[in-house]
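Lettering of chains follows the sequences in order, A, B, ..., and the numbering in each one begins at 1.
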Amino acid sequence: MTEASAEPAPRVADAFADGPALIPYLTAGDPDLEATEEFVRALARGGADAIELGMPFSEPIAEGPTIQNAIFRALDAGTTPERFLDAVGDLDVDVPLLVMTYYNPIYQYGSEDGPEPYVEAAAEAGLSGVIVPDLPAEESDPLQDACEAHGLDLVFVVAPTTTGDRLDRLMARTSGFAYVQARLGTTGARTDLSEATFESLSRLDGYDVPRAVGFGVSEREHAAAIVEGGADGVVVGSALVEMVAEGVEADENPATVAERLQAAVADLKAGAEEGATRATPESQGN
Amino acid sequence: MTEASAEPAPRVADAFADGPALIPYLTAGDPDLEATEEFVRALARGGADAIELGMPFSEPIAEGPTIQNAIFRALDAGTTPERFLDAVGDLDVDVPLLVMTYYNPIYQYGSEDGPEPYVEAAAEAGLSGVIVPDLPAEESDPLQDACEAHGLDLVFVVAPTTTGDRLDRLMARTSGFAYVQARLGTTGARTDLSEATFESLSRLDGYDVPRAVGFGVSEREHAAAIVEGGADGVVVGSALVEMVAEGVEADENPATVAERLQAAVADLKAGAEEGATRATPESQGN
Amino acid sequence: MSGDARETPADDGKFGRFGGQYVPEALMPAVEELTDAYQRYVLDNEDGFIDEFREHLRTFGGRPTPLQRADRSSERYDTEVYLKREDSVHGGAHKLNNALGQVLLAKYMGKERVIAETGAGQHGTATAMAAAHLDMPCEIYMGRTDVNRQRPNVFRMRLDGAEVNPVDVGSGTLKEAINETLRDWATNVEDTHYVIGSVVGPHPFPSMVRDFQAVISEEARSQVQEAADRLPDAVVACAGGGSNTMGSFHHFVGDEDVDLYAVEAGGSGLERHEDEGVAPHSASLSTGDEGVLHGARTKLLQDRHGQILESHSVSAGLDYAGVGPELADLVESGRVTPATVGDDEALEAFHRLSRLEGIIPALETSHAFGFLEREGAELGDLVVVTVSGRGDKDLETVIEETEQRDLDAAPDLEVFER
Amino acid sequence: MSGDARETPADDGKFGRFGGQYVPEALMPAVEELTDAYQRYVLDNEDGFIDEFREHLRTFGGRPTPLQRADRSSERYDTEVYLKREDSVHGGAHKLNNALGQVLLAKYMGKERVIAETGAGQHGTATAMAAAHLDMPCEIYMGRTDVNRQRPNVFRMRLDGAEVNPVDVGSGTLKEAINETLRDWATNVEDTHYVIGSVVGPHPFPSMVRDFQAVISEEARSQVQEAADRLPDAVVACAGGGSNTMGSFHHFVGDEDVDLYAVEAGGSGLERHEDEGVAPHSASLSTGDEGVLHGARTKLLQDRHGQILESHSVSAGLDYAGVGPELADLVESGRVTPATVGDDEALEAFHRLSRLEGIIPALETSHAFGFLEREGAELGDLVVVTVSGRGDKDLETVIEETEQRDLDAAPDLEVFER
Ligand SMILES: Cc1ncc(COP(=O)(O)O)c(C=O)c1O
Ligand SMILES: Cc1ncc(COP(=O)(O)O)c(C=O)c1O
């Protein structure tokens, strides 16, 4: 399972192969790309089933304050799309990596306009999927074509406001998994779970696509409850980014922060698995 | 000619009886009414033929800065119309005294509206004439009636802009003398004489009323030139008020200031007489 | 088509006992010349003066101004409230109506220069704007105290190319500025027109300024008939010198069923402090007595010796010890009802109108709305209130004054505190 | 009666290559709902929406605004110059046209709350006024830097009852305020309408805001025909996001002989400093390249990685890194000619117009007049320039900026120095 560097990247769906997937998010380049590489390895060691890497964009409209600040740190550290992809290329983890970014940096990449050059480079660097929160299905044909051409998954977000026909269309389009937005609003760790989460999950019951819930998940018990509620995976972002921020604040060694990240992921993963166990007897009991 | 207190006040026209009249102006109550009394006696000693006393009003629209400031000092010292008239009553100079003030304090004086009560009190105090710069002939019937009833002269100002029919009407109305405004604008010492002065004087040639020129006269030579130009008298205000102001500024004894005022008046008077001498041979030479 | 109530005033400019021409002789030929010009150009429309005036009002001034139903106020007071929106005139107040008229008249008269006094700066800016528009050199006199506390308006005048002459005597406010402007006029009367800022001063100013401002009631009267198919029960307007009131009332004076309310500044109380020469209000109609000031016989704030008192109001534009003679007469005859609204009530009304209607009124205007708050439906079923100006000029004053008080209607201003 | 140039934009909100709906999925149902409401109420006048909108524009907003012949400018430039006077709209700028339309639409849609971003505070105050007038709760997002330097506008919003939420991230200016408003919208999309301030953002905003602002050219086109019996040779308007330009141009787009000039802020120079993430100008039409920002594909100021640059202009209202997609397309197709005017020229024009015409323009507007000064009679025999707003809001900025320069047209400001 090591020596992955020259092998083709794993598919995103692999993350959901053995039970519930724990998908951590970190902003790449926060506080610098070297640290990010170290953190990513730690996330993998902690049991992450896939990893989302935020490629920083100056106008992060879908993010709450925690990730906004991480993005500004990453930009200050000189994190460009080229350097980001270089760093991804250096990584040798064996779980699928997804890039989460906004449409403009994808569109601008390379010498010609349009998403194709970026997707090609992303595939070369070993990325398995792309998530673009400001790109709704309606505007996504060019990116989707490029992803298909280069074998990447394009993951769409399903919002609490996504219903009816829209939902059908989105679920038909998303590949890898459906990113289920736990609540309205922006990213950011919350201490409670919203009712909307479970409503969204149940709305998605009939579709044959893995469902990973994100936006606000921060605690082991959240992960458990979400998986128990029917999710196939859990995305955890701000809670982990917050740990990085604390490390930056305290001027800690990246290795120290990496250890904490690893432990946190392990804990969340354990939560997800608990949720799965809780769900199974019940569903068997039905 | 002394012991004037109980005698009837002299008429304003008396001032012009023996050659050119020198008519100084001071603001009453500047810096207080006692000083004013002392100053007035000095003006008389210096050879004044009549004296104008400004009764202070808060809105002195016809005055330049020097007399405005004198008026504000007088008001600050508590100079009311009652106190002003009391002080006039205490004076025992034998030249005619004229009050120069604005219409509102005259109008408000006493228990009923209208100028009558003031004029009555002014006559009792020994004043001989009244000058009201903001009361044109058109609005002056009530005041004129009161003045006639109480034996006071009502002196009108003739401006450089007063011509034609207006001039005829004004010259018919004015009594005592015509106050010839030397130039457009407000009171205030000037170092030159304006052409307008001589034009105004020649406009007034045909009328059988003494003509005293004021507004801006400050030097002996002005007085001479004005009289030479045909005037029957000269009014000097700001130049003398300025001396009072300097005394106030330097915290001088009123007696010291009075001496200077006396000397100044004597000098100006000499100028007026020179002007008369210069004028006579020429007119005789014709 | 009635409403053209009063006849042209008598030639001598007397309104009952009030009015007249109490000016230095040097100015008499000028006021006579002006009276003549007023008759020819303004009353007789000679050389199409009035047509040109109206065209400038329309294209430069932005007239007609709306008559707007104030929905939320109507609800609050349970009566139909209509706003006559003079705040939308160019420059932000009704003042331009008069300034445009007079500067244009000065041109017709062949004058080469206009001068004006200003207190808060509203009339000064209006005159400066009109003078720039009509290419006429312009100087404004303004008390030093006012120059210092009304910086934005001083700047606006300078921008429009006017000279601003600070007046350093006395308390350095409006009264001193008027005195100084009269002195300039007396000095330069031959080529200069004095653009007086309200329905005050010697005849023909009170009549002429009223005629220039009467466009307010001319429009309002036909607009209210169009909107509501009836005349109002009451017209309410704030009064400083009285140009806003006279403008708002003129075409309603003949409509006897329309009540007219002139709201003066009650300041911090209606008393007088004669010893200090101060009245902490500007209620000359309600509390003043007859006297002569700035060219006319009218109602004044004065002490028993006839000295003029320093007046006070939180709104600089109402802060004047006199009032127009025609308004004094209309009050005397009972046709107009005077009322006073104090600083506190005016500030509450400022905040209330801003919040309820999205219209930030001038502090002057706020007095009219303080009166509306007090009387409400007592005023009848349909009330027209003139919004004489917008409040942008007053923001700093309102912040300061609001901080010193505990006002119900004021918003929390804490966002400013960082 | 022509001039109704362009057809209704395609349903997908594309203008050539520009436009679209680049928003988070959570907002897609809202923009779809809004697209539907736009079609029904705005385009089809369902429930008399347009009638009610026009009535509010008239009685609350003070429309129609004048088209004024600028006599002294006409002389100076030896061409007929007409001014479309949006500075006379309630609140002092064209911004209210759009704010009123959107807040009213929010009511028709049953929304319970409106939010808006603001930079200089003009759109924020316009929205706050419209919201107060229509009794709709309102919150405004504004960068902390802007809050601190635009106190009067912050105060005006608070007075009109709006909440003002300072945004502390980034440079604390317009871009951050928009981001934060989008976040609020994504959180509260079900009961909240986002009143966007220009012809930017996802479809239907660019079309809808243009339609609300098109009243400018609708009026101007018939006014110029009435006044001069012909169409203009050129229409000139300043462009930030582009609502003033699109409003001023819309009804002339079909008149092929009428040249249309969109004047952008040239700031202190047209270069880019990618290393610092800064462009010292806001000339996205003239120098930007295609990209996606704030919901639409358009022309942007960005570095080669697609990061948005901090733009700059002495006028806060033009200081934006993007521009409306329809305007980008009209420039692309050659129908609209872009131009840039720098800070210095704009300041000169500010002073010149104030002095020549007695109209103190907004600094944004001054850019259009800087262009007029440069081109003059080259523009043809009859030029319409839109005065998009008044300059009262800019006085402090102008004093500061003028002191730092040696401007020919500026008055001596020495009266301030005591
Ligand atoms: C907005 C406004 N309203 C009212 C006034 C009061 O003046 P007048 O009574 O002459 O209308 C002023 C004076 O500056 C003003 O600016
Ligand atoms: C007066 C004025 N003009 C122009 C603009 C530029 O915006 P837009 O291009 O959307 O009209 C603004 C923006 O605040 C403004 O206030």
- Query: Quick one: do the C:His133 and D:Arg72 side chains pair a donor with an acceptor below 3.5 Å?
  - Reply: no
- Message: Would you say CD of C:Gln404 has more than 12 non-hydrogen atoms from neighbouring residues, nucleotides or ligands within 6.0 angstrom?
- Response: yes
- Query: Roughly how far, to the nearest 0.5 Å, is the CG atom of D:Asp394 from the CZ atom of C:Phe155?
  - Reply: 10.0 Å
- Measure distances from C:Gln223 to the heavy atoms of chain D and classify the residue's part below 4.5 Å as side chain, backbone, both or neither. neither
- Query: So do the side chains of C:Arg85 and D:His90 get within less than 4.5 Å of each other, counting heavy atoms only?
  - Reply: yes
- Item | Shortest non-hydrogen contact from C:Gly358 toward D:Asp160 | CA-OD1, 3.6 Å
- Pairwise side-chain contact, D:Arg151 with C:Leu395, heavy-atom cut-off 4.5 Å (strictly under): no
- Item | C:Arg63, part contacting chain D, at a heavy-atom distance under 4.5 Å | neither
- Message: Within this structure, what is the CD1-CG distance for the pair C:Ile359 and D:Leu159, rounded to the nearest 0.5 Å?
- Response: 13.0 Å
- Heavy-atom neighbours of D:Glu75 CD exceed 12 at 6.0 Å: no
- Side chains of C:Thr59 and D:Arg69 in contact at under 4.5 Å (non-hydrogen atoms): no
- Is the backbone N or O of D:Pro66 less than 3.5 Å from a side-chain atom of C:Arg58, with the two atoms forming a donor-acceptor pair by type? no
- Message: Rounded to the nearest 0.5 Å, what separates atom CD1 in C:Ile360 from atom CE in D:Met157?
- Response: 10.0 Å
- Task: Evaluate whether atom CG of C:Asp51 has more than 12 neighbouring non-hydrogen atoms of other residues, nucleotides or ligands under 6.0 angstrom away.
- Result: yes
- Message: Test side-chain contact (heavy atoms from CB on, under 4.5 Å) on C:Asp392 and D:Arg156; report intermediate values, then the result.
- Response: CA-CA 8 Å; C:Asp392 301 39; D:Arg156 300 207 296 168; 2.7 Å; yes
- Taken to the nearest 0.5 Å, the spacing of D:Glu357 CD from C:Asp135 CG works out to 9.5 Å
- Note on the structure: Closest non-hydrogen atoms of D:Ala132 and C:Ser354, given as atom of the first, atom of the second and distance, are CB-O, 4.0 Å
- Task: Please report the closest heavy-atom contact between D:Gly161 and C:Arg355, naming both atoms and the distance.
- Result: CA-CD, 3.6 Å
